[in-house]
Amino acid sequence: MKTKPSILFGLAMVAAVATTASGQNASPSGTLPPKRNQKLATVHISPKPIAIPSRASTKNVVSRKRNEDKHVSYAEALGRYRRERHDRVWWKQRHVIIVLVAGGYYYWDSGYWCPAWGYDTANESYDYDGPIYTYGNLLPDQVIINVQHALKELGYYSGDVTGSLGPTSRQALSAYQRDYGLEITGAIDEPTVQALGLI
């Protein structure tokens with residue numbers, strides 16, 4: 001029996017949260033556990049429908065699956081991202097993996113974490129309103145922490161390592177991207193993560 005990649009990813013995310021809660025590293029890649037006062041992530045995995053009544057529905061499910069499994073460029077991820085408010089039901093119908101990280105819900109789509117506006121109005125704290133590239137099953141704050149550490153070691157970032165993609169972090173990203181001949185997005189994208197040696 002084949003296990004679907006999105007289910008494996010979801011199970012890995014649940015394992016990461018459980019491991020983090022026990023006080024150990026959340027990733028075999030050696031990322032730092034969250035600080036004591038940082039909120040732990042919670043993972044919401046929407047159940048897959050068992051029976052699909054029509055061909056039209058099958059086509060939609062297949063295309064959604066393909067979109068979630070493949071990685072796309074930052075430009076494509078940014079083009080697909082919309083700051084639209086939707087309720088929890090709407091988000092769960094369209095995205096399999098939704099997590100709560102440091103005061104905001106994010107959905108996973110094609111290798112990027114994006115803010116899920118309206119999923120929970122009590123948890124809508126986002127320092128960056130756009131896609132954040134991910135790798136190694138890391139949550140958005142874990143990716144940001146790794147990027148901040150790397151930029152700090154190279155002398156581009158002098159702020160605190162917070163796991164939050166605020167203005168100082170985005171300025172450091174832009175300066176690094178400019179100096180290394182990368183597209184200047186001021187965001188965490190795959191070419192920047194590769195250039196920093198994180199993947």
Side-chain angles (χ1 to χ4, degrees), residues 3-48 64-65 67-72 74 77-78 80-148 161-166 169 187-190 193 198-199:
T3 306
K4 301 201 179 274
S6 62
I7 294 173
L8 288 175
F9 184 80
L11 293 174
M13 298 302 296
V14 171
V17 171
T19 306
T20 302
S22 69
Q24 298 174 3
N25 285 345
S27 169
S29 64
T31 58
L32 299 174
K35 296 179 182 177
R36 289 183 184 207
N37 61 353
Q38 183 177 358
K39 292 182 183 177
L40 294 176
T42 57
V43 179
H44 297 266
I45 302 174
S46 302
K48 294 273 189 193
R64 181 182 89 162
K65 178 81 175 100
N67 285 341
E68 289 183 352
D69 287 343
K70 71 174 188 167
H71 285 243
V72 299
Y74 178 77
L78 187 60
R80 288 167 36 161
Y81 173 69
R82 301 279 184 268
R83 184 180 179 178
E84 298 174 348
R85 300 183 67 77
H86 300 287
D87 65 12
R88 192 175 294 244
V89 172
W90 188 93
W91 286 110
K92 285 184 176 182
Q93 288 174 345
R94 286 158 181 81
H95 299 283
V96 176
I97 300 170
I98 299 171
V99 297
L100 172 62
V101 178
Y105 279 92
Y106 291 82
Y107 66 92
W108 188 86
D109 183 28
S110 304
Y112 289 85
W113 291 108
C114 300
W117 292 99
Y119 187 87
D120 179 357
T121 55
N123 290 289
E124 285 193 333
S125 177
Y126 304 106
D127 287 333
Y128 173 67
D129 185 18
I132 299 170
Y133 178 75
T134 189
Y135 60 95
N137 294 336
L138 296 178
L139 296 172
D141 60 335
Q142 295 167 323
V143 172
I144 295 167
I145 285 171
N146 290 347
V147 168
Q148 287 174 330
V161 176
T162 61
S164 174
L165 196 57
S169 296
I188 298 176
D189 54 22
E190 186 174 11
V193 169
L198 297 175
I199 54 173

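Small disclaimer: the values here were computed from a predicted structure and weren't measured. What you see below is based on every heavy atom in this structure, not just the backbone, and it leaves out hydrogens, waters and symmetry mates.
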For Tyr107, what residues pass the ring pair (Phe, Tyr, Trp, His ring centres under 6.0 Å) criterion, not counting sequence neighbours? Trp91, His95

Rounded to the nearest 0.5 Å, how far apart are CG of Asn137 and OG1 of Thr134? 7.5 Å

Could you tell me which non-hydrogen atom of Ile132 sits nearest to which non-hydrogen atom of Pro140, and how far apart they are? CD1-CB, 4.3 Å

Results of side chain to side chain contact (heavy atoms under 4.5 Å, CB included) for Leu78 - residues two or more places apart only: Tyr74, Pro131

Hey, does Pro115 have a side-chain heavy atom less than 4.5 Å from the side chain of Tyr81? yes

Not counting sequence neighbours, list each pair that qualifies as a salt bridge (Lys or Arg N to Asp or Glu O under 4.0 Å) and has a residue in residues 113-124. Arg85-Glu124, Arg88-Asp120

Name all residues meeting the side chain to side chain donor-acceptor pair (under 3.5 Å) criterion together with Tyr106; count only those two or more places apart in sequence or in a different chain, and write none if there are none. none

Test of understanding: with side chain to side chain donor-acceptor pair (under 3.5 Å), list the residues that count as partners of Arg83, not counting sequence neighbours. none

Roughly how far apart are Thr162 OG1 and Ile144 CD1, rounded to 0.5 Å? 7.5 Å

From CA spacing to verdict: side chain to side chain contact (heavy atoms under 4.5 Å, CB included), Ile97, Trp113: CA-CA 10 Å; Ile97 300 170; Trp113 291 108; 3.9 Å; yes

Contacts of type salt bridge (charged side-chain N to carboxylate O under 4.0 Å, His left out), residue Asp87, not counting sequence neighbours: none

Just by distance, no angles: are the side chains of Asp189 and Tyr112 close enough, under 3.5 Å, to form a donor-acceptor pair? no

With heavy-atom distances below 4.5 Å as the criterion, would you say the side chains of Tyr133 and Leu198 are in contact? no

Which heavy atom in Gln148 sits nearest to a heavy atom in Gly163, and how many Å separate them? OE1-N, 3.0 Å

Nearest heavy-atom neighbours spanning Tyr119 and Ile98: CE1-CD1, 3.6 Å

Heavy atoms, side chains only, cut-off 4.5 Å: are Ser110 and Arg80 in contact? yes

Just verifying a value: how many Å separate Leu165 CG and Asp129 CG, rounded to the nearest 0.5 Å? 11.0 Å

